[in-house]
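Have a look at the structure below, then the notes.
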Amino acid sequence: MKETKNLKLIEHKNVPQEEPARQYYFMDIAKDYVAQLAAQKGSPMTFHVSTFGCQMNARDSEKLVGILEKIGYVEVDSEEADFVIYNTCTVRENANNKVYGRLGYLNGFKRKNPFMMIGLCGCMMQEPEVVEKIRTSYRFVDLIFGTHNIYKFAELIVNSLEANSMTIDIWKDTDKIVEDLPVERKYSFKSGVNIMFGCNNFCSYCIVPYVRGRERSREPKEIIREIERLVADGVVEVMLLGQNVNSYGKNLENPMTFAELLQEIEKIEGLERIRFMTSHPKDLSDELIEVMKHSKKICKHLHLPLQSGSSRILKEMNRRYDKEHYLELVDKIRAAVPDIALTTDIIVGFPGETEEDFEETMDVVRKVRYDSAFTFIYSKRTGTPAAAKEEQVPEDVVKERFDRLLKEVQTIASEKAGAYTGQTLPVLVEEKNEQDASLVTGRLSNNSVVHFPGTEDLIGKIVDVKLVECRGFYYIGEMI
Ligand code: SAH
Ligand code: SF4
Ligand code: F3S
């Protein structure tokens with residue numbers, strides 16, 4: 001028992017073995033403890049979840065929030081809370097550094113607040129050397145868990161509250177998917193929906209397969225059931241999430257393709273928009289393109305990571321497509337869905353990248369003309385095959401290429417922005433405009449941002465907006 005927390009302990013008896021019943025059992029215990037702590041403190045116990053990384057982590061954080069709220073914690077907007085959780089990312093080195101930097105500053109809060117607990121979870125925690133470093137150098141952390149056992153959060157909170165030392169629970173991998181736990185969405189009208197977990201691709205630069213485990217798909221009926229419930233609760237747009245959604249369903253007992261899943265989701269009444277992320281070019285099928293062409297709900301936006309335009313580098317990256325295949329795919333997609341917005345991810349400075357290789361990337365960028373692109377400087381991730389390569393590109397060369405690429409990407413994106421000026425298109429209203437209270441902000445099907453005069457009651461609705469003017473990368477419109 002922590003000295004500062006004089007909890008009246010509850011005996012764990014008849015603990016259910018099956019999930020999610022077991023977690024609901026621990027939520028009840030946790031709720032009692034949180035109420036005891038609030039009584040000692042004289043005010044509600046507060047929490048704050050900080051999320052790093054991708055949409056998978058964002059969705060996982062919603063699951064953490066769902067449980068925290070269920071057991072009586074109250075969300076606050078600052079890290080001066082009684083329970084602070086960092087849901088971490090390790091895809092690039094700078095993601096890690098940010099966490100270490102901020103932990104020091106959290107410790108300052110903890111020294112002043114005897115009720116404070118600090119929890120760390122997410123991809124970084126799946127790296128043994130990270131956990132070792134925290135265990136030895138950041139001893140004020142209370143709870144560490146990983147990506148595979150996040151569903152056990154309620155049980156882990158109970159363990160941590162009852163323990164007087166750091167609680168660490170990390171699994172190497174799992175084949176388990178636990179359904180029906182509480183989730184608290186950030187937005188009332190849109191939601192991420194996991195369709196699969198993990199990744200089997202092992203791109204040679206990437207740490208994700210090591211920290212997210214093997215690919216496993218959710219049962220289609222569970223996905224449909226979740227979306228139906230979301231729609232009943234006001235959701236009109238879903239973002240289907242997976243590291244490689246195009247390989248969805250391969251490992252199911254009754255295999256099903258991503259294109260087939262999309263067709264099932266399309267049938268859900270009341271659902272207006274379907275997005276998905278991320279598509280791997282190697283698995284993007286003609287069947288999927290055909291479904292996108294005929295769909296009324298799939299948004300006109302495809303994120304199709306290129307990584308490199310050089311076939312030689314793509315091979316070294318283990319991406320399993322080449323430049324020609326990628327360009328053919330883009331042609332096929334544009335022929336089927338002419339007004340689709342294309343976005344991408346590009347890595348600069350992969351080991352052994354020559355000026356010629358880089359020019360191939362620039363060539364693809366000029367040929368495809370992306371609506372926008374995320375550009376990354378290659379980051380060496382320990383344990384990945386690329387990290388062992390000797391021919392790392394000098395920093396100044398990488399930086400110079402990165403700047404050239406960024407400039408090209410931005411020039412093209414700004415030339416493409418505004419293509420729909422003058423047209424009237426449906427906009428899903430997402431929020432009140434932060435700068436100007438008379439405006440609301442929403443998105444077109446192709447993901448472009450539109451600001452227009454309107455009131456808060458429009459949030460979550462899809463309305464027709466005339467795109468009057470394009471300023472930089474967004475439109476100013478008026479509702480019709
Ligand atoms: N599953 C997705 C990508 C997830 S990671 C896909 O295959 O497209 C998101 C992006 O981070 C990747 O597309 C890649 O561009 C970038 N990335 C991954 N590992 C990286 C590394 N070691 N250095 C720099 N960027 C990296
Ligand atoms: Fe990483 Fe490649 Fe898997 Fe994407 S597909 S998560 S880049 S290994
Ligand atoms: Fe980062 Fe993990 Fe996503 S490493 S990008 S949070 S899957």
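In this text, all values refer to a predicted model and were calculated from it rather than measured experimentally.
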Is any side-chain heavy atom of R319 closer than 4.5 Å to a side-chain heavy atom of Y326? no

So that I can tick it off, tell me whether E93 and R381 are bridged by a salt bridge, with the cut-off set at under 4.0 angstrom between side-chain N and carboxylate O. yes

Note, F197 side chain near K176 side chain (heavy atom, < 4.5 Å): no

Answer yes or no: is there an ion pair linking R229 with E179, defined by an N-O contact shorter than 4.0 Å? no

Evaluate side-chain hydrogen bond (donor to acceptor under 3.5 Å, both in side chains) for S204 paired with N318, printing each intermediate quantity in order. CA-CA 6 Å; S204 64; N318 192 29; over 6 Å; no

For the residue pair Y321 and H325, does the interplanar ring angle fall in the parallel (under 30°), tilted (30 to 60°) or perpendicular (over 60°) class? tilted

Distance-only, no hydrogens or angles: does the R214 side chain make a donor-acceptor pair with backbone N or O of P209 under 3.5 Å? yes

Are Y187 and E431 close enough, and set up right, to give a side-chain hydrogen bond (donor to acceptor under 3.5 Å, both in side chains), and what steps lead you there? CA-CA 9 Å; Y187 299 95; E431 57 199 4; 4.9 Å; no

Test item: S445 and L425 side chains (from C-beta on) under 4.5 Å apart, heavy atoms: no

Would K432 and E456 pass as an ion pair if we require N to O under 4.0 Å? yes

Side chains of R59 and S191: is there a donor and an acceptor less than 3.5 Å apart? yes

Does the side chain of M116 reach to within under 4.5 Å of the side chain of D82, using non-hydrogen atoms? no

pair L68-V49: side-chain heavy atoms closer than 4.5 Å: yes

Would you please indicate yes or no on a ring centroid separation below 6.0 angstrom for F26 and H12? yes

Presence of salt bridge, K190 and E430, under 4.0 angstrom: yes

Answer yes if the side chains of N87 and D60 hold a donor-acceptor pair under 3.5 Å, and no otherwise. no

Between K152 and N159, do the side chains contain an N or O donor and an N or O acceptor separated by less than 3.5 Å? no

Step-by-step side-chain hydrogen bond (donor to acceptor under 3.5 Å, both in side chains) determination, D32 to Q36: CA-CA 6 Å; D32 186 294; Q36 290 187 44; 2.8 Å; yes

Basic-acidic side-chain contact under 4.0 Å: R218, E226: yes

Contact between R320 and H280 at the side-chain level, heavy atoms closer than 4.5 Å - yes or no? no

Quick one: pull up NE2 in H303 and CG in D371 and give me the separation to the nearest 0.5 Å. 12.5 Å

In sequence, state the C-alpha distance, the side-chain angles, and the governing distance for F83 and F115, and then conclude on ring-ring contact (aromatic ring centres under 6.0 Å, His included). CA-CA 8 Å; F83 195 1; F115 289 93; over 10 Å; no

